[in-house]
Every structure is written in structure tokens, then in C-alpha cells.
Amino acid sequence: MKIRHLVPLLLFLALAVLLAFGLSHERSALPSPLIDRPLPDFRLAGVEAGKDKGGGGGEFVPAQMRGEVWLLNVWASWCVSCRAEHSVLIGLGRQLPVVGLNYKEVRGDGNLDARGLTPEMELSLARQRASAWLAAHGGSPFRATALDLDGRVGIDLGVYGVPESFLIDRAGRVRYKHTGPLTAQAVQQELLPRIEALQHEQK
Amino acid sequence: MIVEFGHFALVLAAVMALVQAVAPLVGAARASYGLMVLARPAALAQFGCVVIAWGCLTDAFVRADFSVRLVANSAHSTTPLIYRITGVWGSHEGALLLWVLSLAAWTLAVCLGSRRLPLVFAARVIGVLGAVSTGFLVFMLATSNPFVRLLPAAGEGRDLNPLLQDPGMIIHPPLLYMGYVGFAVAFAFAIAALLGGRLDAAWARWARPWTTLAWVFLTAGIVLGSGWSYYELGWGGWWFWDPVENASFMPWLVGTALIHSLAVTEKRGAFRGWTVLLAIGAFSLSLLGTFLVRSGVVSSVHAFAADPARGSFILVLLVLVIGASLLLYAWRAPRLGGGGHFGLLSRETTLLGNNVLLLVVAASVLLGTLYPLALDALDLGKISVGPPYFEAVFVPLMAPVVVLMVVGPLLRWKGEAVRALRRFVPGAVMALVLGALGVLGVSRAAAVGWPGWRTALGLGLAAWVAVGCVQLLWERIKPPRVSLPPAAWWGMWLAHFGVGLFIVGATLVGSLQSSLDLRMRPGESADFAGYAVRLVQVDERSGPNYDALAATLDISRAGRPVAVLHPEKRFYRTIGMPMTEAAIDVGLFRDLYAALGEQLPGGDWIVSLHDKPFISWIWAGCAMMILGGLLAVVDRRYRRGGRRR
Amino acid sequence: MNKSDAFLETFRALLLAALLLSSPLSLAGEGQPAPVPASVLEARVSELAHKLRCLVCENQSIAESNAPLAADLRERVREQFQAGKSEQEVIAWLSGRYGDYVLYDPPFKPITLLLWAGPALLLILGASGLLMCLRRRQHEQLAQAPLSEADRARARALLQTPEPE
């Protein structure tokens, strides 16, 4: 047989290999373009209740955490997988400071009609719901909790689902992003080694 | 009981398919009449069993038997009867059964229509079809059994996805699958020819009507799918270059190349190896499409639920079927022999050019569809490849195809001198002028300066097709010709003219369409695209399994009423999904499209209006292509007793 | 006026003018009224929204999707345009946060080189394959031995043989 008649078969086999690769490869999460870049700045109102050492109902800015290695956890009370993640976060909270970013607490809840609320009403409702949820689920793992009521900060961070977690170094740069709930295994394999390395890093 | 009987019928069908595959192929290899003669009865038996299985499943749906898992997942007691029947193919398992049923139906047709073929050849064709059937039936029984019971039975079902509870669901999947599967016949013909080591013009004459008919079904299936998304999805788009849509478009492109290549093989005996390769290619792309839709490797609204296990099975099936065919091709193709010689400027050359270009287009679509998958699989990041890419690539690549489409029929077979090109000059000039006028018209209507090179190219090509078709018609029927051209010629002419209509529609709707989101209170009026739109009222109404808010929109122009539209927002009670039901005023030169959005606090409604100029020309063009194909299929020379021309 | 009618009217008028070869094509005179700025903004938002991917949907643009994130992103895009940003800047802003995945129009980067160059390469490949194939056929044709004199004489004799009764 002539070589050129084998070309279609060879091309097809290459395609089959690609498809086999595609099948075996799990659909990965979206890689974050923020890795190794500074965490975008923001200023948000905080939650009052819980172990909030950030000044009670005051505001949170990421610069507060400069000099520390910390985790920013995006969550909401209407998020089902966040419940599973909660105990892991509490454990993790003993290794490094964790800051909660509450994402669209009122607007994101499909069962709530938020359209008639004033900004003040929305803020107080969000504070109420967030603190209640934290209290009901074994306490707050967060040193501070910022309330992203309209999701704008979330967009600046590239958040597209809840929960997500960002590992930030002493200089305020994002070094790792975990999409989806944190599991004990993920903490063990992905987070702890990185945390250790970052904590040994100079600023 | 009936459910188990259906399951049994499916198992029996698989056994029959195996017999249908093995006996004739072995018989042909050993010249055993006894084995070969088993082909048709086995095929008939397989068809019967598949029909019974399908009947049993449909019965379970009609009775809303929620002890069957598939029924519990895809139907509710309040689902209207017609959507319970068509809901059979709303899920992966049911759609596979439809696939298998289509294949059995085509096989039956081939059995009945192949009486005059030499037994060895017919046996091989039916045998190959049997092998494909076996593969799919085993796949179903192993991984996608539609008759799986749900114990304990569900008290109530989950209802069919509201998007599928629509007349489009009744015709789009069956037609589409008849098209996909129809290329299996051409494939079987090709394999039979390779196995026999012989291929001649007679082979092409047998294969042509089957292939053209499959092409017609696929065209109809794709167009109906496109039209369905147009009116169903609520934002007036008609093609998204979604991976699943591409999965149906690629076999169509190669199928088009195939029917043109068959023309050359029939008339001139040339392109034999090429035609066989195209036949294998078209069906391979059908199989690839089946894989893409069900394996979860691509992200699409049309895809069935991802299941890597099923994906692996189909991939193995793909590798076996296509790999074996291409190996056979590599081994036997040199033996097929060449065909007639032809000059550089000849119809054969343009057809070869058409084939190469269509393959390049299909390969480019494949590249764009699989590129994100490739990058992700190699951990090189995630990107998206969407309409901007495909449009940028498709239009320039198709342009030469359209040019050749006009040139080809006007050139003679075998070859002509270079001065024959002169006959295209007047047409080219006229097309340029008409195209320029079109561009000026768009420029004026859309209030832009230069409407973009894509619009200019589209209009120029459409003008080229229009002028070329008129010229072709004139050349063919002008005196001293006495007789009218045969049906097949009219079919070709209609299909090519349809392409021109399609290009006009697609180009103009792209450059002239506009849309507006309005906030309106009942009683208010607004202006849009030269029309006055008044929201009269919004009523509540109910359907069998949904509650709806139906708006009444009065459309008028210069005081004269034009249309009354009733867009709806439906809430399907069982599934809890809201759905938009758009309202369209269809016109020859424009569609007015209205969709109802949500109600804002304060009583305002969001109303989406779209002006779609010339979109009907897209459907009309495709309808002409379908009609043209049908005319070609019924041409006298393919019918029994038809005289050789 | 309605766009398709405007198109047809213009097309007919110009066609007539061209056929009659009379008065020159005139684009002067009453044209379309200037578009209102608000609808221009919406048109820009809509056009870009069709090229941006909804990240929580199965292959839909943010123009088509009902998801809350899609609505939020549309709003941010609108704000950016209102602030005077160009389309390129808005695209950079979004891909800086979500990566290239959010863009349906894949950017020109080393990683997408094969994607964008691919069709052109395929075309060149196809065209050269076609040319080689045609040239090979020409050579085969020329290589075919012409009719020998003896064969030619035989053919002539056969053609002149009268039909048997």
C-alpha cells in the first residue's frame, strides 16, 4: 500500500488519542489570572458578631493583613457546599488567619426578593444572616468577615462560584486559588505545603 | 411486564444484528450462498425487534409508568401526551434508541431497495450495517439501557425539560438522526466496494440516491434545529457554533463533498478512492458527533449529561469502526484504480476543488471545536472558541466554494481551453455591480459608512450565485435545446440557487438586525425599527403543566396595524423552571420578534424586541436545498426500470 | 424606518438608476436621523456581551444568559463603556480577572497560534495537495503511449467495415 493512503488512518489515530486524553482528564476549574499578582484592593463593611477582631462592625481592607500569610474565603449562607467546608475552615483557622468574604448574602439567595430593600436594610439583613449562620454552624473561623453585598468585589477577584479560597502572602500577592469547597485532602495536599513555604518567605 | 419485554426485544435485536453482521460478511468472503442469504431476514428481524423495543418504551412513557427510571426522569403525569411520546428521545438512552431505530429503518430500506444488486455486494452492505447496529445495541445494553427500573417506583415524574416541550422536538431529532445514520449507508457501500476490491460507475449510481437522501435528511434536521432555537430560546439567534451544532455541521460539509464526488465517479469514473474516503469520513464524523454529545468532553447546552464511562465505550467503538475502515482503505484503495482523465479547466477540477475546500472548512470547524479541549487536556490553560472565531474563519473559506459552485456547472466535463473563462466575465461584472448596490443599500439602511468586508463579500457572492444560476438556466434551456432538463438537473439548480438565497439572508440579517430592551407599563407605547409597539396588557393563563404570563403587544406602522404578538413567560410547575416563549411576526422581508422579560418593582415589564430583516431567506434557501436534493433523488434514472442515460 | 424596507428601497432605487444609466447615484439628501446616544451604548454593550462567555452556564454568552453572574457582568461592562473605555480595554479588564476563558474571541497569543493559523495552513495544504494531484494526472495522461501506426490502421479498417446483414 502507498504511504499516502495511510495518512487518513494516522490522522484519525492522533485524534483518537486526543479524545482519550480529553475523556480521562477531569474538567478543571478556571485558572486564576491573579496568581502571583497583588490582591485587588477593596473596602467593605464587616460583620459584627462572631470572633471579629477587626473592629466590630467596622470596615475591612486587605492591607490590614499585610505582613501575614492569610486565606481569603468566599462564602455565603445560601451556599450548600459551604456547610461542608466550614469545619475544615475552623481547623485551618488555627494554622493561619482566615478572612471571610461574604458574597451577595441577600441578593444571591434565590428565595429572597431583594428588590425592595434600601442599602441600609440590605446591610443589616446581611449582617444578621451571616452572623446567625456562623453561630449556628459551630462558630466563626474568620478573623474578620467582609460583606460583598452586590458582588462587585467578587468580580474583581474573578469569583464565579461559591465557595472559593485565595491564599495570600505577606506582601499581599495572591499565590494560590482553590475553587470549590475545601476538603481535608485538599488542605493536606495543596494548602499546607504552600502555607508553610510562604510563612518561611521573607516579605 | 411490557418493559421487560422491551428489554428482551432489545437483546434479541442485538443478537439479530450480530447475525446480520457476521453471516453475510463471512458468506461473501467464502462465496457461501447459504450464509449470504441470511442477510435480509436477519435485518428484517432486527428491525422488528427494535420497533418492538421502541414501542414498549413509548408505551411506558404514554402510561407514565414511573417505575421506569427514564420515564420518571423525563415525564410528569401532567405532561401533554405528544411530549410524553417525543420525550422518549429527550434523554441519552432514548435518543440512542432513536439512533438504533433509524439505523434499522435505513437497513430495511436498503434490503428492500437492493434486490437488483449482486448478492455478494448487497450481502456486504447489509453486513456492514449490521456491524454498526451491533456496536450500538451492545453499547445500549451495556451502558445505556432505557428499560432500567426504578424501585421503589417514583410517585411522580420530573417532567421533560420545558425547552423540549415544543413541536420542534417532534421533528428535529428524528430528521437529524435519519441524516446522521443515513450516511452509514454510503459508508456500507464504500466498505463493500473496498472488500470486493472493485468500484465502478455502477457502484456510484447505486450509492448516489441513498447518499443524497441522507444529505437531505441531515440538512432538514440541521435547519429545523436552527429554526427551533431561533423561536424557542428567546434572543433571536439562529446559529451559535456550539460544539453540538458543529458536530452536526461537519458531517454535513463532508456529506456535501461526498454527493459531489459521487457525481464525478458516476459520470466519469474518476475520484474513486477519494469518494470512498469521503464516504468513510462523513459517517466517521457522524460517529464523532455522537461521541462529542454524550461523553462530556465539550461544554454545550445541547449535550446530554456527561458520563465518561459511556464516552469511553463510544470512543472504543469509534476507534474500531473508523480505524478498521481506514486500514481497509489504506490496504485496498490502490486497487480501485483511477478513472477518466480530465484537463485543468474542467468540471472535474472544480468539483475536486469543491471537495478539498469543504474538507478544509470541516477540518477548521473541528480545529475550533476541539482546540479548548486539547489545551485543557495538556494543562496549557483554558480558552473559549466561539462565534467570533468561527465566523472569521468560515466566511473566507467558504467564499471560493461558492465561486466554484457557479463555475463548475458552466464548465464542460473533460476539459476546455482557457478562453472558456471568458464566459464568466459578464456574470462577474454584473455580480460586482449588484454586490456594490447591495453594499450601498446596507450602508444606507444601517446608517453606517462601510458595512464591513463580511457583508460586502456575502452580498457579492450572493449576486454571483444569482447571476450564475440565471446564466446556467439560460444555457441549458435556450434553443436549439428541445427537451427540458431531467429532475436531477433541476435538483442541482434549485439547491445551488438555495445557497444563494441563504447567503443573502445570513448576510443581511447579520448586518441589518437590531434589538431593543424596553421598560413598558401596560398601555404604554414605544418606537422600534420604524414600528410603534404598544403593550396592551399582561394576562395570566394556564397550560396543562405550566402557568404563564402572556403579554399582548400591538404593532403598528404609520397608524396601520401590522401584527398582534403574544410573548409569554411560562413557569413549569413541576420542574420549577421559568421559560420564555417568544412571539414572532414572520414576514418575507423581516421578522419582528418579541420576548417578555421580568416584571420590575413598580409594574414595568421588560420587553425585548428584535428586528430581523431577511431572516426568512435563510429558511427559504435551506428549503430549496432540501427540495433540490429530493428532486435529485427521484430522478428517473435511479428508479427501477429507468433507462440508462 | 424599518431596516429591511430601507435596504430594499435603496436597492431598488439604485438598481433602477443603474439600469437606466441616467442620474448618478446620489447618496446626498435626507439620511437616517442621528442615533440617540443611549441606544448606542446599549448596542455596544450588547455587541460585546455576545462575545463574552457566561462562566456558570453551559456555553452561552452573557447576552443570552439569565444567570445572576451574567447580569452582574453586563452591568460592569455597561459601566466601563459609560466611563469611556474602549472595547479592547473592557476585554482586557475582564480577562485580567477571569482569564481568556471568558472571551469567545480567542486572543492572539503563542498558545492560540495553531488555532488562528490552522485554517490558513489547512487551506495551503489542501491547495498544494490539489495541485500535486492535478499535475500527477497531467503527467499520467502525457505518459500514456500514443496510438501506434499499426493500431491506427486497424482502427481505421474496423471503422470502415460495412455492417453485417
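Scope of the values below: all heavy atoms of this structure, side chains included, with no hydrogens, waters or symmetry mates. Letters go in sequence order (proteins before strands), and every chain restarts at 1. Source: prediction; values computed, not measured.
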Would you check if the side chain of Y98(C) reaches a backbone N or O of S32(A) as a donor-acceptor pair within less than 3.5 Å?
no
To the nearest 0.5 angstrom, please state how far the CG atom of L157(A) sits from the CZ atom of R97(C).
9.0 Å
Nearest-0.5 Å distance that lies between atom CG in D150(A) and atom CD in E75(C):
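It is 10.0 Å, given to the nearest 0.5 Å.
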Heavy-atom contact with chain A under 4.5 Å, split by part of L69(C):
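Looking at L69(C), just its side chain touches chain A.
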Atom CG of D151(C) with >12 non-hydrogen neighbours under 6.0 angstrom:
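Yes, CG of D151(C) has more than 12 neighbouring heavy atoms, counting only those of other groups under 6.0 Å.
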Answer yes or no: does atom OH of Y176(A) have more than 12 heavy-atom neighbours from other residues, nucleotides or ligands under 6.0 Å?
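Yes, the 6.0 Å shell around OH holds more than 12 heavy atoms from other groups.
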Heavy-atom distance under 4.5 Å between the side chains of I155(A) and W93(C), does that happen here?
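In short, these two side chains touch, coming nearer than 4.5 Å.
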Scanning both residues in full, the closest heavy-atom pair of S95(C) with P33(A) reads O-CG, 3.7 Å
Heavy-atom pairs under 4.5 Å with chain C are the metric here; pick the option from R4(A), R152(A), R107(A), R37(A) that has the most.
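Ranked by heavy-atom pairs under 4.5 Å with chain C, first place is R152(A).
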State whether K104(A) and D72(C) are salt-bridged, where the test is any N-O pair (Lys NZ or Arg NE/NH1/NH2 against Asp/Glu carboxylate O) under 4.0 Å.
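The answer is yes: the pair qualifies as a salt bridge.
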